[in-house]
Amino acid sequence: MRQVETDILIIGAGGAGMYAALAAARAGMDALLVDQSLIGRGGATIMAQMTVAAALGEAEPDDWHLHYADTLKAGRGLCDPALAELLCREAPVRIREMDEWQVGWARNDKGIAQVMAPGHSRQRCCYVDVLNTGPAIAATLRKQVARENRIRRVSNLVVTDLLTDAEGCAGAFGYLLAEGEPVAISARAVIIAAGGLTKLYRRNSASANMGGHSYHLALQAGAELIDMEFVQFFPIGHLAPRLVGMDPIMWDPFRYKLGGRLLNGQGEDFIGRYDGSNAEGYTTTRDLTTFAILSEVAAGRGTPHGGAWLSFRHLPEADLLAAFGPVIDKLRKNGIDLSSMDVEVAPIAHYHMGGIRVDTAMRTALPGLYAAGEAVGGANGANRLSGNAIPEALVFGWVAGQEAAQQAAPRRALPEAALAAALETYQARLQPAESGQDVIGALEAELPGLMWDKVGPFRNAADLTAALKRLRAMQIELATATAGENPVFNMQLQSWYDLRAALSSAEAVTLAALERRESRGAHQRDDFPTLQDSWQRNLIIRRQENTLALSKSPLLTVAA
Ligand SMILES: Cc1cc2nc3c(=O)[nH]c(=O)nc-3n(C[C@H](O)[C@H](O)[C@H](O)COP(=O)(O)OP(=O)(O)OC[C@H]3O[C@@H](n4cnc5c(N)ncnc54)[C@H](O)[C@@H]3O)c2cc1C
């Protein structure tokens, strides 16, 4: 087994992880930045499209207090006010720093271009280029990280277990995906920046490595999760016709620039029925639009594939070309001509508001363990505003790196018992697979459908109870599954660890969704269809022995 030592270990190299590594290095620490994919090229950051919310005030007067008020309102009373404040207050600092690093924010005659996005009260969202903001942010951070001698980067290393002792988190265990070689990492502080969990769902905007590792690692080590029931469903994910080589959430930039009309299967504007708006602009928040589309479908007014129509046919072709020239050509290659046809859209799992519970120093309940980015829960409450996730990754990443550096524990030996247990689990997988059975493959195929059908945008007690029972049974089936003897490029081994993380994250989402007997933001219950003041509470989950224990916070007084 390879043994490695560092000051600060950062798990996950998206926006949060790369920023954390920069902050730790600039505070004088050695940082080890590892990713199960390639550094700065896996996860959600590189996929982000067009919106980064920060109260820069370049398009019109703005102030972080206004951004904060919008964030709290969108969060439907469940935001952690201190985290939301940190996000909104520090977003402009990070966005201007990215500007100095030449990320290439789009500009107009007023300065950095900022557009309106649903739920924001000001033109606040900056971008680099249509559909190209995430790649530019990731590339800029990769460059900064590469310049820091104190940051060591290791791609294709999957962290499977955190190693803890009586004093807290002392490092991690993982393995190199290609070689299959186990690695033990000793660290003075550890930051989880391994992203969210939307790959758990059948319809999702995720890449392969957004499967809930953050939450599993945190639970297993003894940290707490908060409000796991709040999975954001992006309302207008592409549904039909078939679209190859383009992102399913690509209609968002179209709506920022061109508006567009959202129509039910009978050709009616329907959003106004749900939020009282005039349906003209693109202003309705994601939770309400998701609810509205699915309600129309449930009432028999959906489109042929079960969604809504998105139409730009009322716009002159010249406007479409001026706004999206090259993209329009790509769409044509897919047989989609927006000037003469509508497309079908429907909700798609996109982001996770819940996550690891931290304070404003990004500290978890376990000493020495920090978290940052989408892995963290609480800042966005029950519903996230468009454009808040990238600043969350950058701001929280920076804070986690700085705080971990300032508070790093003295170097100590790796906890032997924890390391032995992690190694034993790894070695137990590398046994001949049972002939004629593909337990791992079958579970992997089953999970996304189960989550979509029973823990999706509309929920009820019967479905959630059935899902919880099945998820627990699946964990038992997985526990003894083996991946074959050869560790080199063993994809079954990777699937086993992915599934272990996915199933425990899925259990946490389902448990919290069953407990929350109301409808609020992204969590909608058929059997409890209204928001209840008595439920203005956070749900906290922690591991106790081998089960998940859930508790409620006292009533919150955050403005909804
Ligand atoms: C298609 C898409 C478009 C989006 N558009 C926008 C937008 O326009 N504006 C906005 O604000 N937000 C947007 N978001 C959301 C935003 O991109 C994310 O919330 C944010 O980038 C998360 O950053 P992160 O660093 O926390 O996680 P990520 O960028 O997801 O990085 C996590 C990293 O952790 C690695 N990892 C996971 N598990 C392990 C493990 N066990 N060991 C080692 N490494 C591991 C992954 O490989 C990955 O590289 C979008 C998301 C998607 C999917």
Side-chain angles (χ1 to χ4, degrees), residues 9-21 33-54 87 91 117 125-128 130-135 137-138 141 154-162 172-177 183 185 191-199 204-217 232 234 237 246-250 252-253 256 348-353 355-356 371-376 379-380 384-397 400 494 497-498 500-502 505:
L9 168 66
I10 299 126
I11 306 165
M18 288 193 282
Y19 237 116
L33 178 63
V34 306
D35 200 292
Q36 65 166 325
S37 176
L38 298 176
I39 297 291
R41 294 181 194 273
T45 302
I46 199 165
M47 298 168 79
Q49 299 214 314
M50 197 184 145
T51 44
V52 179
L87 193 171
C125 291
C126 49
Y127 56 95
V128 171
V130 178
L131 307 180
N132 202 29
T133 300
I137 290 172
L141 289 174
V154 183
S155 293
N156 298 325
L157 193 160
V158 54
V159 171
T160 61
D161 298 86
L162 296 179
F173 172 87
Y175 71 98
L176 292 163
L177 281 170
V183 183
I185 306 164
I191 301 172
I192 301 177
L197 55 57
T198 46
K199 199 193 123 194
N204 67 64
S205 64
S207 61
N209 41 13
M210 289 154 66
H213 280 248
S214 295
Y215 314 118
H216 173 72
L217 289 169
Q232 180 162 69
F234 174 79
M246 300 190 77
D247 200 305
I249 70 151
M250 59 167 282
D252 222 13
Y256 291 136
I348 184 169
H350 180 56
Y351 171 85
H352 191 212
M353 273 78 68
I356 303 170
E374 191 168 334
V376 162
N380 294 288
R384 168 177 74 90
L385 282 180
S386 322
N388 264 11
I390 288 287
E392 172 184 63
L394 308 185
V395 170
F396 290 7
Q494 188 180 0
Y497 278 114
D498 279 350
R500 187 178 69 164
S505 300

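All values below were derived from every heavy atom in this structure, side-chain atoms included, with hydrogens, water molecules and symmetry-related copies excluded. Start at 1 and go down the list; that is how both ligands and their atoms are numbered. We number each residue from 1, following the sequence as shown.
With Q49 as the fixed residue, the side-chain contact (heavy atoms from CB on, under 4.5 Å) test singles out one of N132, T133, I249: I249. Shown are I192, L33, V34; of these, the side-chain contact (heavy atoms from CB on, under 4.5 Å) with L9 is made only by V34.
Closest to atom 8 (O) of ligand 1 by heavy atom, among M18, Q232, Q49, is Q49. Among T133, D247, D498, the residue whose heavy atom lies nearest to atom 1 (C) of ligand 1 is D247. The residue from G42, G195, A44 that puts a heavy atom closest to atom 30 (O) of ligand 1 is A44. Comparing N204, N380, T51 by heavy-atom distance to atom 7 (C) of ligand 1, the nearest is T51. Which of I192, V159, T45 comes nearest to atom 24 (P) of ligand 1 through a heavy atom is settled by distance: it is T45.
Annotation: side chain of Q36 is not in contact with side chain of Y497 (no heavy-atom distance under 4.5 Å). With a 4.5 Å cut-off on side-chain heavy atoms, V159 and H213 do not count as touching. Side-chain contact check for Y127 versus Y256: every heavy-atom pair is 4.5 Å or farther apart. Side-chain contact check for E374 versus F396: every heavy-atom pair is 4.5 Å or farther apart. Within the 4.5 Å cutoff, no side-chain heavy atoms of V154 are placed close to those of V183. Contact annotation: the side chain of N380 never approaches that of L385 to less than 4.5 Å [non-hydrogen atoms, C-beta and beyond]. The side-chain heavy atoms of D35 and S155, taken from C-beta on, include no pair separated by under 4.5 Å. Looking at heavy atoms from C-beta onward, I356 lies in side-chain contact with Y215 at the 4.5 angstrom threshold.
Taking every non-hydrogen atom of G373 and a distance limit under 4.0 Å, the qualifying atoms of ligand 1 come out as 26 (O). Of all atoms in ligand 1, numbered sequentially from 1 with element shown, those under 4.0 Å from a heavy atom of G43 are 29 (O), 30 (O), 48 (C), 49 (O). Atoms of ligand 1 lying under 4.0 Å from at least one heavy atom of Y351, given by number and element, are 19 (O). Interface of G15 with ligand 1, defined as ligand atoms under 4.0 Å from a residue heavy atom, comprises 25 (O). With ligand atoms numbered from 1 in the order given, ligand 1 contributes 41 (N), 42 (N) to contacts under 4.0 Å with heavy atoms of V158. For ligand 1, the atoms lying closer than 4.0 Å to a non-hydrogen atom of I390 are 9 (N), 10 (C), 11 (O), 12 (N), 17 (O), 21 (O). Residue A16 approaches ligand 1 through these ligand atoms, each under 4.0 Å from one of its heavy atoms: 25 (O), 26 (O). Within ligand 1, the atoms closer than 4.0 Å to a non-hydrogen atom of S37 are 47 (O), numbered from 1 in the order shown.
Nearest to atom 31 (O) of ligand 1 among the protein's heavy atoms is G14 CA, 3.5 Å. Distance from atom 12 (N) of ligand 1 to its nearest protein heavy atom, with residue and atom name: A389 CB, 3.4 Å. If you check which protein heavy atom lies closest to atom 4 (C) of ligand 1, you get A48 CA, 3.4 Å. The closest protein non-hydrogen atom to atom 37 (C) of ligand 1 is A194 O, 3.3 Å. In terms of protein heavy-atom proximity, atom 49 (O) of ligand 1 is closest to D35 OD2, 2.6 Å. Nearest protein neighbour of atom 19 (O) of ligand 1, counting heavy atoms only, is E374 OE1, 2.6 Å.
For the pair Q36 and ligand 1, the shortest N or O to N or O distance falls below 3.5 Å. Looking at ligand 1, you won't find any N or O of S205 less than 3.5 Å from one of its N or O atoms.
Although no hydrogens or angles enter the test, the distance criterion places no donor-acceptor pair under 3.5 Å between the side chain of N156 and the main chain of L176. Although no hydrogens or angles enter the test, the distance criterion places no donor-acceptor pair under 3.5 Å between the side chain of S214 and the main chain of A375. For the pair R500 (side chain) and T160 (backbone), a donor-acceptor distance under 3.5 Å is present. In this structure, the side chain of T45 does not engage the main chain of G14 through any donor-acceptor pair within 3.5 Å.
By the 4.0 Å heavy-atom criterion, L157 is counted among the residues contacting ligand 1. Put simply, no part of V52 is less than 4.0 Å from ligand 1, judged by heavy atoms. Residue contact check for ligand 1: N388 places a non-hydrogen atom closer than 4.0 Å to it. Residue contacts with ligand 1 include H350, since one or more of its heavy atoms lies under 4.0 Å from the ligand. Look at A206 and you'll find every heavy atom at least 4.0 Å from all atoms of ligand 1.
The part of A393 lying near ligand 1 is the side chain, judged by heavy-atom distances below 4.0 Å. Residue contacts with ligand 1, taken as heavy atom pairs separated by less than 4.0 Å, involve M50 solely via the backbone atoms N, CA, C and O. Residue contacts with ligand 1 for T160 are absent, since no atom lies close enough (heavy atoms, distance under 4.0 Å). Heavy atoms of M47 found under 4.0 angstrom from ligand 1 belong to the backbone as well as the side chain. Heavy atoms of A193 found under 4.0 angstrom from ligand 1 belong exclusively to the backbone.
The heavy-atom pair separating A48 from I390 by the smallest distance is CB-CD1, 3.8 Å. When all heavy atoms of M210 and G43 are compared, the closest pair comes out as SD-C, 3.9 Å.
Atom OH of Y19 sits about 9.5 Å away from atom CD1 of I137, to the nearest 0.5 Å.
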Verdict with supporting geometry, T198 and H350, side chain to side chain donor-acceptor pair (under 3.5 Å): CA-CA 6 Å; T198 46; H350 180 56; over 6 Å; no

